[in-house]
Amino acid sequence: MPAISPDKPYRVGRSRTGLGLFATKPIKKGAKIVRYFGPLLDCRKKKHDAIENKYLFELNNRWTIDGSVRKNIARYINHACKPNAESDVSARKRKVVIRAIKNIEPGEEINYDYGTDYFKAYLKPIGCKCAACEKKRKKKRAEARAEKLRLKAKAEKKALKKAEKLAAKAREELAQKQKQKLKQAAKQRLNGARSNGKLLNGHGGKVAGGQLTVAQSGIFAEPASTQGGEASASA
């Protein structure tokens with residue numbers, strides 16, 4: 001790491017994306033933090049236009065600062081979608097200064113927005129790792145987990161409802177079977193009672209008083225005494 005004067009309000013330290021620049025003293029909003037510098041590249045020259053690295057800072061259509069030199073402390077400042085600093089570009093002076101756009105407390109990482117072109121070329125393919133994007137991803141992951149749990153609970157509720165419906169149907173079928181069995185048993189008892197009785201002339205074999213019924217005929221016998229009396233009278 002490059003040596004930094006203790007008078008400077010920043011230090012190079014470890015960040016979630018590698019190395020970063022951190023405040024060591026309070027930095028007020030609007031204050032100049034550090035200059036972004038390096039050799040000027042003229043895109044009209046083929047050898048300059050052929051240079052490629054991630055520290056190129058474009059001033060205008062012609063001039064670009066090659067910030068890959070080790071003494072350029074500003075190159076350690078990472079990108080953020082919601083930064084606490086910004087790049088103050090003076091194309092005429094071919095100069096870039098990083099200024100605070102918020103009050104920055106000691107220990108906070110200093111960051112600024114690298115711009116759309118850099119974001120698309122270098123950050124989008126791997127995913128931006130700034131605090132704002134990490135927070136957004138964390139929120140999405142939490143929402144995804146919540147949605148997964150909601151769908152799981154919905155599926156379990158549906159399965160429980162289906163199971164209850166099947167259980168109710170099974171109970172109903174069992175009740176119907178038991179009812180049918182009871183009905184058949186009652187019918188069998190009734191048929192058994194009928195088959196055990198003795199039938200006489202179409203009537204049941206047993207009558208009141210335990211007496212048997214006597215068959216009657218159409219011929220009646222006259223008493224002997226009555227016939228004798230009628231004979232005497234005739235004589």
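Sequential numbering from 1 along the given sequence is applied to the chain's residues. Keep in mind it's a predicted model, so treat the numbers as computed, not measured.
- Applying salt bridge (charged side-chain N to carboxylate O under 4.0 Å, His left out) to Asp42 and the options Arg94, Arg62, Lys47 leaves one that passes, Arg62.
- Remark: Glu147 CD is packed, more than 12 non-hydrogen atoms of other residues, nucleotides or ligands lying under 6.0 Å away.
- Here the closest heavy-atom approach between residue Tyr10 and residue Ile33 is recorded as CE2-O, 3.3 Å.
- Here Lys161 does not pair with Glu164 in a salt bridge; the nearest charged N to carboxylate O distance is not below 4.0 Å.
- Checked by atom type and distance alone, the side chain of Asn111 pairs as donor or acceptor with a backbone atom of Asn84 at under 3.5 Å.
- With contacts defined as side-chain heavy-atom distances shorter than 4.5 Å, the pair Ile65/Leu59 qualifies.
- Across every non-hydrogen atom of Cys43 and Asn61, the tightest pair is SG-O, 2.9 Å.
- Within a 6.0 Å radius of CG in Asp117, no more than 12 heavy atoms belonging to other residues, nucleotides or ligands are found.
- With ring centers used as reference points, Tyr118 lies 6.0 Å or more from His79.
- In terms of heavy atoms, Leu19 sits closest to Asn78 at O-ND2, 3.0 Å.
- Contact check for Val97 versus Arg99: side-chain heavy atoms found under the 4.5 Å cut-off.
- Contact detail for Thr24 and Pro106: the closest heavy-atom pair is O-CB, 3.9 Å.
- At least one donor-acceptor pair closer than 3.5 Å links the side chain of Asn72 to the backbone N or O of Phe37.
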Report the C-alpha separation of Tyr55 and Phe57 in whole Å, then their side-chain angles, then the decisive distance to 0.1 Å, and conclude whether the ring-ring contact (aromatic ring centres under 6.0 Å, His included) test is met. CA-CA 6 Å; Tyr55 299 108; Phe57 198 114; over 10 Å; no
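- Distance CD/Glu143 to CZ/Arg145: 10.5 Å, rounded to 0.5 Å.
- The closest side-chain donor-acceptor pair between Glu58 and Thr64, if any, does not fall under 3.5 angstrom.
- Looking at Asp66, its side chain never comes within 3.5 Å of a backbone N or O of Ile51 through a donor-acceptor pair.
- Salt-bridge formation is detected for the pair Glu134/Arg137: a Lys NZ or Arg NE/NH1/NH2 atom is positioned less than 4.0 Å from an Asp or Glu carboxylate oxygen.
- Taking each heavy atom of Ala74 and Val34 in turn, the nearest pair found is CB-CG1, 3.8 Å.
- Within 6.0 Å of NZ in Lys25 there are more than 12 heavy atoms belonging to other residues, nucleotides or ligands.
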